[in-house]
Amino acid sequence: MTNNEIAHIFRTIADILEINDENFFRIRAYRRAAQNIENITEDIREMVKEQRLHIPGVGVDLAQKITELAQTGKLEYFEALKKKIPAGLLEIMSIPGIGPKTTKLLHEQLGIDSIAALEKAAHEHKITAVFGLKEKTEENILKGIALLRHKHEHTLLSTAMAVAERITRELSRVPELSRMSVAGSVRRQKETVQDIDVLVTSTQAQKIMDAFIRLSPVSEILAQGPTKAAVRTIEGIQVDLRVVEPESFGAALVYFTGSKEHNIAIRELAKKNGLKINEYGVFSEQDERRVAGATEEDVYAALRLPYIPPELRENRGEIEAAMRGELPKLIERPQVRADLHVHSEWSDGNSSIEAMAAAARGRGFEYMAITDHSQSLGVAHGLSPARVSEQIAHIKTLNKKLKNFRILCGTEVDIKADGTLDFSDKVLEQFDVVLAAVHSGFKQSRDQMTMRLITAMRNPYVAIIVHPSGRLIDERPAYDFDFEAVADTAARTGTALEINCYPKRLDLDDVHVRRAREKGVMVSLGTDSHSPEQFQCMDLGVAVARRGWLEPGNVLNCLKLEEFLKRIKQKH
DNA sequence: GCCGTTTTCGGCCCGACTGTTTTCAGTCG
């Protein structure tokens with residue numbers, strides 16, 4: 001029973017309790033615990049074994065339930081609960097617009113216990129037989145079901161950012177608009193997002209709303225009120241707009257940026273201090289007087305907190321850190337001096353080394369590592385040792401011509417199934433920097449895969465393990481390995497772990513990056529560019545680094561060239 | 001079901017929009 005499986009069971013319990021109309025706070029307790037369990041990289045079974053199940057939101061009762069799940073793989077309470085309601089009710093509740101109350105009503109009055117039955121009833125206009133439901137609800141049920149069927153669960157951050165850019169560019173032409181910011185999970189730079197949130201200030205909200213629903217990417221209007229609207233774009237992405245008065249911009253930006261969990265936490269904190277926070281400002285509870293609201297800094301200051309960067313606002317300890325004055329000084333894009341993972345036409349890239357160097361330089365980098373694939377990776381035209389020698393000679397001549405920029409000779413060497421590398425040490429010693437990666441045998445056991453990675457890290461030439469988990473977002477899960485053991489070895493051997501910046505990888509993810517930092521592991525940023533325009537993906541990698549609480553000192557790429565080379569030599 | 005810089009009991013974030021009915025519950029974020 002993995003952490004995510006346990007979290008999923010807790011969420012399911014919450015859903016069932018909700019249909020059964022149980023105490024709202026009890027339901028929330030299960031959801032809160034589930035979220036905190038997902039934020040742990042350590043295997044919860046180990047924590048149970050060693051009796052140190054200290055997780056926020058997990059008290060005596062939930063700790064007992066986790067222990068039962070970890071030890072037996074089952075939970076009596078959950079099994080009994082499942083018998084109380086048909087499984088189909090949970091999927092009905094997942095239809096947008098249909099919540100626990102409606103689900104229960106449909107089940108009790110019409111015996112509906114599946115999406116199929118619900119769809120049939122709606123087509124036959126039987127929904128209106130239920131008191132309180134009319135034609136509009138019937139329509140919304142059918143729309144919701146259709147949406148559920150072909151909605152892509154997640155939108156990649158890179159895709160969402162492109163759509164957000166188009167929306168805000170068009171909206172910025174409305175003369176009545178004074179300020180605008182993207183908010184929500186896009187602003188927090190989550191790797192995937194469900195919708196795009198846009199905040200606008202204006203004293204003429206109606207004008208903004210009118211313009212918003214007429215923007216060219218809009219295909220459907222989902223909701224429209226005087227200050228709030230929601231549309232769906234032709235790409236199928238939901239965009240929410242909120243308009244507030246200028247004096248409320250900061251409070252609204254905090255509120256609309258979230259996360260929901262962060263908002264709840266700061267509102268609780270406000271309450272303890274006799275204050276109330278909503279999207280219009282921070283108010284004194286006694287006399288309703290506004291004490292802050294115009295800027296985010298003011299809002300946090302009213303709570304006696306320093307400004308908390310959006311990427312940290314997940315209620316994963318950032319508020320406590322802020323209170324102690326221990327927020328990290330997060331890495332920023334201009335501090336990144338290099339791209340340490342770049343391909344060229346010598347293996348599976350589409351451009352010459354010269355073209356890639358020019359593009360990297362144009363992006364403000366001081367150096368980059370060309371890291372083409374090794375010999376056995378046939379699909380990617382991996383380089384033989386002879387070709388490696390040729391490439392190194394070629395790069396040497398190129399470097400002579402370059403001013404204020406340096407190309408490093410690197411390789412992305414394949415880690416074979418037994419943990420040995422695709423090049424001998426004799427070949428590896430010629431490179432400035434060696435990246436190692438798993439490209440095959442993803443189905444190996446947890447122990448095998450862990451040993452494979454650890455063996456690779458013990459090689460003195462391996463500087464960085466790239467895309468360490470092997471996942472592709474919404475396409476392929478990470479291979480099974482013991483991250484704690486791998487991170488410990490990385491720290492001990494002085495091997496860096498990569499944040500691969502390719503939009504579908506973003507591997508390591510934010511949670512693991514943060515854990516790596518805690519263990520003193522250096523992190524490397526690599527765009528894995530196969531063409532010049534892909535260097536822009538560095539922004540995504542920086543976003544993950546920031547979400548993982550990284551400071552410039554945690555990141556290899558922030559080292560000056562000489563320092564970087566010195567560090568690599570240290571491991572040799 | 002959790003939790004404690006007033007509390008081990010009694011709180012637990014806050015508001016907008018929709019659909020329905022006519023003052024509000026349900027849903028969402």
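Note that this is a predicted model, so its numbers are computed, not measured. Below, chain A is the first sequence line, B the second, and so on; all start at residue 1.
- Following rounding to the nearest Å, A:Glu285 (CD) and B:dT6 (P) show an atom-to-atom distance of 14 Å.
- The CZ-C1' distance, from A:Arg11 to B:dG1, rounds to 16 Å in whole Å.
- The P atoms of B:dT27 and B:dT20 are separated by 13 Å, rounded to the nearest whole Å.
- Taking the C1' atom of each, B:dT18 and B:dC12 are spaced 27 Å apart, rounded to whole Å.
- With B:dG15, B:dT20, B:dT27 as the choices, the nucleotide that has an atom nearest any side-chain atom of A:Pro100 turns out to be B:dT27.
- Within the nucleic acid shown, A:Leu133 comes within 4.0 Å of sugar-phosphate atoms alone, with no base atom in reach, counting heavy atoms only.
- Here A:Ile27 lies out of heavy-atom contact (under 4.0 Å) with every strand.
- Closest approach to the A:Asp240 side chain among B:dG19, B:dC13, B:dG29 is made by B:dG29 (side chain taken as heavy atoms from C-beta onward).
- Under a 3.5 Å cut-off, the side chain of A:Glu551 and the backbone N or O of A:Lys329 do form a donor-acceptor pair.
- Summarising the geometry, atom NZ belonging to A:Lys504 is positioned 7.5 Å from atom CD1 belonging to A:Ile473; distances are rounded to the nearest 0.5 Å.
- Checking B:dG15, B:dC13, B:dG26 against the side-chain heavy atoms of A:Thr102 singles out B:dG26 as nearest.
- One atom, CG of A:Asn20, and another, C1' of B:dG1, lie 16 Å apart when rounded to the nearest Å.
- For A:Glu261 and B:dC14, the CD to P distance is 16 Å, given to the nearest whole Å.
- Looking at heavy-atom distances under 4.0 Å, A:Lys260 makes contact with a base.
- Atoms CZ (A:Phe24) and C1' (B:dC2) sit 14 Å apart, rounded to a whole Å.
- In the set B:dT27, B:dC17, B:dG1, B:dG1 carries the atom at the smallest distance from any side-chain atom of A:Leu62.
- Here the nucleotide nearest the side chain of A:Ile264, chosen from B:dC17, B:dG29, B:dC13, is B:dC13.
- Looking at heavy-atom distances under 4.0 Å, A:Lys104 makes no contact with the nucleic acid at all.
- B:dG1 and B:dT6 have their P atoms separated by 28 Å, with the value rounded to a whole Å.
- Using a 4.0 Å heavy-atom distance criterion, A:Arg28 is classed as a base contact.
- Checking the phosphate oxygens (OP1, OP2) of B:dC12, a side-chain nitrogen or oxygen of A:Lys271 falls inside 4.0 Å.
- The side chain of A:Thr227 sits closest to B:dA16 out of B:dG29, B:dC2, B:dA16.
- By the 4.0 Å N-to-carboxylate-O rule, A:Asp195 lies too far from A:Arg232 to be salt-bridged with it.
- Between A:Lys272 and B:dT7 there is no side-chain polar atom (N or O) within less than 4.0 angstrom of OP1 or OP2.
- Nucleic acid contact class of A:Lys276 (heavy atoms, under 4.0 Å, all strands): sugar-phosphate only.
- Atom C1' of nucleotide B:dT20 and atom CD of A:Glu138 are separated by 15 Å, given to the nearest angstrom.
- When each of B:dC13, B:dA16, B:dC17 is scored by its nearest atom to the side-chain atoms of A:Phe25, the top-ranked nucleotide is B:dC13.
- A sub-4.0 Å separation between OP1 or OP2 of B:dC13 and a side-chain N or O of A:Asn263 is absent.
- Taking side-chain N and O atoms only, A:Asn140 has no distance below 4.0 Å to OP1 or OP2 of B:dT18.
- To the nearest 0.5 Å, the span separating CZ on A:Arg505 from CZ on A:Arg471 amounts to 10.0 Å.
- Put simply, CG on A:Asn315 is 12 Å from C1' on B:dC13, counting in whole angstrom units.
- A residue-by-residue look at A:Asp61 and A:Leu222 shows that A:Asp61 has its nearest nucleotide of DNA chain B further toward the 5' end.
- Remark: P of B:dA25 and NZ of A:Lys134 are 18 Å apart, rounded to the nearest angstrom.
- The gap from the P atom of B:dC9 to that of B:dA16 amounts to 37 Å, rounded to the nearest Å.
- Backbone-only contact: A:Tyr30 has heavy atoms under 4.0 Å from sugar-phosphate atoms and none from a base.
- Looking at heavy-atom distances under 4.0 Å, A:Tyr280 makes contact with sugar-phosphate atoms alone, never a base.
- Look at the C1' atom in both B:dT7 and B:dC2: the space between them is 14 Å, to the nearest Å.
- No hydrogens or angles considered: a donor-acceptor pair under 3.5 Å links the side chains of A:Glu484 and A:Thr41.
- The residue from A:Gln189, A:Arg547, A:Lys190 that alone fulfils the side chain to side chain donor-acceptor pair (under 3.5 Å) condition with A:Asp510 is A:Arg547.
- Closest approach to the A:Arg267 side chain among B:dC13, B:dG29, B:dT18 is made by B:dC13 (side chain taken as heavy atoms from C-beta onward).
- Checking B:dT8 for Watson-Crick or G-U wobble geometry (two distances, each under 3.5 Å) identifies no partner in any strand.
- Here the separation of B:dG19 from B:dC13, taken at their P atoms, is 28 Å to the nearest Å.
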| field | Audit row: A:Arg188, A:Glu261, salt bridge (charged side-chain N to carboxylate O under 4.0 Å, His left out) steps and yes/no | value | CA-CA 13 Å; A:Arg188 300 200 314 279; A:Glu261 290 76 18; over 6 Å; no

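- Relative orientation of the A:Phe483 and A:His512 rings is perpendicular, given thresholds of 30° and 60° on the angle between their planes.
- Toward the 5' end of DNA chain B, the nearer of the two residues A:Tyr77 and A:Thr103, judged by each one's closest nucleotide, is A:Tyr77.
- Taking only side-chain nitrogens and oxygens, A:Lys228 never comes nearer than 4.0 Å to OP1 or OP2 of B:dC28.
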